[in-house]
Asks: 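First the structure, which I've put down as structure tokens, then a few questions once you've had a look.
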Amino acid sequence: MRRVRKKLYVDVFEVVSKIVQASEAGDTAVEQVELSRLRALYLRYEAFGIPDPFLTEAMADYTDEASQAVRLYRLALDQSAQHLDETTYTKRICMAERLLELGDVETARAELVLGRSEEHTSELQSHHDL
């Protein structure tokens, strides 16, 4: 499993935590502010030419429009190819859910199968490393 740059991880964790807390509290104003912060962080990394699949996946996770989320998950998968140790199963499984929202059952099923297979392989590797 790839280690995400500490600064990026901390920034994304902080913003996403605030999004979740605001959502749970029903505070849509704070939730929208934090979603804007996440978008700004994403756009900043893109503008500097250092896209990161971890950040792109987070953007997809917090995108309301299913087709836009699927586009971002696919982009995160493409970005993952540049990081040999980047896991993709969470990207595939979440994308499958959004594909179902769009009515694309066949593609959703294929992504879910790939995601679950990779998840299983990743778990086996983790146990082997112990």
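The figures that follow rest on heavy atoms only: side chains count, while hydrogens, waters and symmetry mates do not.
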Asks: Show which residues join L8 in its hydrophobic cluster (side-chain heavy-atom contacts under 4.5 Å, direct or indirect), or state none.
Replies: V4, Y9, V12, F13, V15, V16, I19, V20, L35, L38, L41, Y42, L43, Y45, F48, I50, F54, L55, M59, Y62, L72, L75

Asks: Nearest heavy-atom pair of E101 and A66: which atoms, and what distance?
Replies: OE1-CB, 3.5 Å

Asks: Taking all non-hydrogen atoms of both residues into account, name the closest pair between A76 and P53 and its distance.
Replies: O-CB, 3.5 Å

Asks: To the closest 0.5 Å, what do you measure between SG (C94) and CG (L99)?
Replies: 11.5 Å

Asks: Look at atom CZ of R109 and say whether more than 12 heavy atoms of other residues, nucleotides or ligands are closer to it than 6.0 Å.
Replies: no

Asks: If you take all heavy atoms of Y89 and G115, which pair is closest and at what distance?
Replies: CB-O, 3.1 Å

Asks: Quick one: salt bridge (Lys or Arg N to Asp or Glu O under 4.0 Å) pairs with a partner in residues 37-46, sequence neighbours left out?
Replies: E14-R37, E34-R37

Asks: Taking only residues at least two apart or on different chains, which pairs with a member in residues 69-78 satisfy salt bridge (Lys or Arg N to Asp or Glu O under 4.0 Å)?
Replies: none

Asks: Look up atom CD1 in I93 and atom CD in E119, then write down how far apart they are to the nearest 0.5 Å.
Replies: 4.5 Å

Asks: Say you draw a straight line from OG1 of T87 to CD of E118; how long is it, rounded to the nearest 0.5 Å?
Replies: 6.0 Å

Asks: Please evaluate residues Q79 and D52 with respect to the criterion side chain to side chain contact (heavy atoms under 4.5 Å, CB included), reporting the C-alpha separation (whole Å), side-chain torsions for both, the decisive distance (0.1 Å), and the verdict.
Replies: CA-CA 7 Å; Q79 292 168 352; D52 190 285; 5.6 Å; no

Asks: Say you draw a straight line from CE of M95 to CG of D61; how long is it, rounded to the nearest 0.5 Å?
Replies: 12.0 Å

Asks: Nearest 0.5 angstrom please: E57 CD to T88 OG1, how far?
Replies: 9.5 Å

